[in-house]
Amino acid sequence: MKLYNSLLEGNKKWVQKKLEQEPDFFEKLSHGQTPQFLWIGCSDSRVPANEITNTQSGDIFVHRNIANMVVHSDMNMLSVLDYAVNILKVKHVIVCGHYGCGGVKAAMQNEQYGLVDNWLRFIKDVYRTHSQELDAIQDEDVKFDRFVELNVIEQVMDLTKTTIIQNAWSQRNEPKVHGWVYSLKTGLIKDLGVSFDSSAKLPPIFRVDSKVNKRSTVAAGETR
Ligand SMILES: [Zn+2]
């Protein structure tokens, strides 16, 4: 119980500290949230979005799962993404992976872990897509780090393939999507330089027609 109670005690101390720094901190936040960022990160306990970016409550809308995946049939992720993009109208969506990710490591191997093996399958697909590059890396640690990076890049690409992101781009040229990797060893974040705010660079098969244009074309056709 001591361990359990330490969380509730910690909460009281945190409230006290916040109120000392900013007396209306909770009062202000109680009126609503206007975060500018959506964070899609790993569930790993060592990668807390607010702490590692030195931000506060209210700054980042967060979705976390094992290995920061963007799976197109994941209703949880899609609901968070849709709400963040279309209701909160965030300006940036960040996929943040991390070196030393247990999910990515497990996906490199063949051991069974249970239900999670089905989730890891999506990461194995990333390996298959980049197998030529990854198989050519002899050093296992270097290969692991690169796999983490490639997984983040693929999840960024998967974000850009959603109708949610592409419709937002055609309506307001936002949000910009980005891929980051956090280092557990240094605490530093590396920007992978895979930022997108349009579907121009997407392979044509993944581009969806703008809903707005399609409707107006149909309407124009009907008047003829
Ligand atoms: Zn992880």
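Read the numbers this way: they start at 1 and go in the same order the structure lists the ligands and their atoms. As a basis for the values below, the full set of heavy atoms in this structure was taken, side chains included, without hydrogen atoms, waters or symmetry mates.
- Contact check for Leu120 versus Val104: no side-chain heavy atoms found under the 4.5 Å cut-off.
- Classification of the Phe37-His92 ring pair by plane angle, with boundaries at 30° and 60°, yields parallel.
- Closer than 2.8 Å to the Zn ion (ligand 1) sit the protein N, O or S atoms Cys42 SG, His98 NE2, Cys101 SG.
- Of the charged side-chain nitrogens involved, at least one lies within less than 4.0 Å of a carboxylate oxygen, so that Arg121 and Asp125 count as a salt-bridged pair.
- Classification of Glu140 and Lys143 as a salt-bridged pair holds, one side-chain N sitting under 4.0 Å from a carboxylate O.
- Residues Trp39 and Trp180 have side chains in contact (heavy-atom distance under 4.5 Å, counting atoms from C-beta outward).
- Asn151 contributes a side-chain N or O that, together with a main-chain N or O of Ala67, makes up a donor-acceptor pair within less than 3.5 Å.
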